[in-house]
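Throughout, numbering of the chain's residues begins at 1 and tracks the sequence.
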Amino acid sequence: MPTNRLVVKETIAVYASNLFDAVNAADGQDGVLEVRDQLGQVAAAIRGNVDLSTALADGSLTPQQRGELARNVFAQCNPVLAEVLGVMAERNEVNLISRVAATYEEQLGSKLNLCVVDVTTVVPLDDHLREVITKKAETELGMKVVLNESIDKSLLGGIIMSANGRRIDASMRFQLDNARTVLRQATVDGGEC
């Protein structure tokens, strides 16, 4: 039987909204941000582990067994998130987790007027740079900003930032790749340099 896209979209919205509201009521903004990170980890775990995704959708298990499996596997997550994952598994809707995570992220802006900016650098940010990035992002986005910092030793230098599905790559690797592309194109278009 075909699935109605509007019904699926509404289902996703209900999962994300109920999860967001319950976590916000129980743990406030810090809990909401923690669950945002956990949703990304859960989605990656389900996408990256065929055995797990197969087990969570196994039709030979009862809905209760699938739900209990999800609750046990994700027991280290926020309890509200673990419960929502259990319900999704019971209803055989765990495949929607990436879309639930995206909708949850949208609610940070709509319900808390907050945007998480993921910042990746080769070395930790100092307080001054952290403040400069935060103020600039708040001005550009028109809302409160929280930085989610990570270190990537494979970067040659520079910074990679992403927010609301947009990515700004000012890493040295990206700049070198762009320079290579320009030089290759110049060689193809105009002969030798």
Side-chain angles (χ1 to χ4, degrees), residues 1-59 61-120 134 137-138 141-150 160-167:
M1 181 169 101
T3 304
N4 183 324
R5 283 186 242 182
L6 293 175
V7 171
V8 171
K9 188 174 180 177
E10 183 60 29
T11 299
I12 291 164
V14 168
Y15 282 133
S17 183
N18 287 338
L19 175 60
F20 188 96
D21 293 343
V23 171
N24 193 30
D27 302 320
Q29 179 178 309
D30 289 341
V32 168
L33 293 172
E34 177 186 45
V35 168
R36 172 202 179 261
D37 294 340
Q38 290 176 357
L39 274 167
Q41 294 166 0
V42 167
I46 291 172
R47 240 187 349 262
N49 188 323
V50 174
D51 292 335
L52 176 60
S53 60
T54 301
L56 291 172
D58 188 348
L61 298 176
T62 67
Q64 294 76 19
Q65 289 171 321
R66 286 193 310 267
E68 195 59 34
L69 174 64
R71 288 178 188 91
N72 288 336
V73 168
F74 300 110
Q76 298 301 315
C77 291
N78 180 291
V80 177
L81 176 57
E83 184 57 32
V84 168
L85 291 167
V87 171
M88 291 177 75
E90 288 172 1
R91 296 180 177 179
N92 204 13
E93 296 174 329
V94 172
N95 62 320
L96 301 176
I97 193 63
S98 292
R99 293 170 63 190
V100 169
T103 303
Y104 183 93
E105 179 92 21
E106 291 169 5
Q107 292 184 17
L108 281 168
S110 65
K111 292 183 177 182
L112 295 180
N113 195 35
L114 178 71
C115 181
V116 177
V117 177
D118 295 304
V119 179
T120 305
T134 301
E138 286 177 345
L141 298 170
M143 61 179 62
K144 184 178 174 192
V145 166
V146 173
L147 299 183
N148 182 25
E149 301 174 35
S150 61
I160 300 171
M161 296 185 296
S162 63
N164 295 335
R166 293 182 18 210
R167 179 181 163 115

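Contact record, Thr103 with Ala13: CG2-CA, 4.2 Å, taken as the closest heavy-atom pair. Considering every non-hydrogen atom in both Ala55 and Leu69, the closest pair reads CB-CD2, 3.6 Å. The shortest non-hydrogen separation linking Leu141 to Ala163 is CD1-CB, 4.4 Å. Between Glu138 and Val145, the shortest heavy-atom distance links the atoms OE2-N, 3.3 Å.
How far CG of Leu147 is from SG of Cys115: 10.0 Å, rounded to the nearest 0.5 Å. Note: Thr62 OG1 to Gln64 CD = 4.5 Å, rounded to the nearest 0.5 Å. Rounded to the nearest 0.5 angstrom, Asn95 CG and Met88 CE are separated by 7.5 Å. Note that the CD atom of Gln29 and the CG atom of Asn24 stand 8.5 Å from one another [nearest 0.5 Å].
Legend: ring pair (Phe, Tyr, Trp, His ring centres under 6.0 Å) pairs involving residues 25-54, not counting sequence neighbours: none detected. The stretch residues 70-82 participates, sequence neighbours left out, in these side-chain hydrogen bond (donor to acceptor under 3.5 Å, both in side chains) pairs: Asp27-Asn78, Arg71-Glu83, Arg71-Glu90. Sorted by first and then second residue, the ring pair (Phe, Tyr, Trp, His ring centres under 6.0 Å) pairs involving residues 7-48 (not counting sequence neighbours) are Phe20-Tyr104. Annotation: side-chain hydrogen bond (donor to acceptor under 3.5 Å, both in side chains) contacts involving residues 38-51, sequence neighbours excluded, comprise Arg47-Ser98. Residue pairs meeting the salt bridge (charged side-chain N to carboxylate O under 4.0 Å, His left out) criterion with at least one partner in residues 8-23, sequence neighbours excluded, are Asp21-Lys111. Residue pairs meeting the ring pair (Phe, Tyr, Trp, His ring centres under 6.0 Å) criterion with at least one partner in residues 22-50, sequence neighbours excluded, are absent.
Residues meeting the salt bridge (Lys or Arg N to Asp or Glu O under 4.0 Å) test with Glu34, sequence neighbours left out: none. The side chain to side chain donor-acceptor pair (under 3.5 Å) check on Lys144 picks up nothing, with sequence neighbours excluded. Partners of Arg99 according to the salt bridge (Lys or Arg N to Asp or Glu O under 4.0 Å) rule, which considers only residues two or more places apart in sequence or in another chain, do not exist here. With sequence neighbours excluded, no residue forms a salt bridge (Lys or Arg N to Asp or Glu O under 4.0 Å) with Asp37. Residues satisfying the salt bridge (Lys or Arg N to Asp or Glu O under 4.0 Å) test with Glu105, not counting sequence neighbours, are Arg36. Qualifying side chain to side chain donor-acceptor pair (under 3.5 Å) partners for Ser162, counting only residues two or more places apart in sequence or in other chains: none.
Counting only heavy atoms from C-beta outward, the side chains of Val100 and Val84 never approach each other to under 4.5 Å. In this structure, the side chains of Arg66 and Leu56 stay at 4.5 Å or more apart for every pair of heavy atoms. Between Leu33 and Leu108, the closest side-chain pair of non-hydrogen atoms falls below 4.5 Å. Side-chain contact between Leu19 and Leu39 is present, with at least one heavy-atom pair separated by less than 4.5 Å. Looking at Leu81 and Val23, their side chains never come closer than 4.5 Å, going by heavy atoms from C-beta outward.
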(request) Apply the test side chain to side chain contact (heavy atoms under 4.5 Å, CB included) to residues Leu96 and Val8: give CA-CA distance (whole Å), side-chain angles for both, the deciding distance (0.1 Å), then the verdict. (result) CA-CA 9 Å; Leu96 301 176; Val8 171; 3.9 Å; yes
(request) Could you go through the side chain to side chain contact (heavy atoms under 4.5 Å, CB included) check for Val117 and Val119 one step at a time? (result) CA-CA 6 Å; Val117 177; Val119 179; 4.0 Å; yes
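With Ser17 contributing its side chain and Val14 its backbone, the two residues share no donor-acceptor pair below 3.5 Å.
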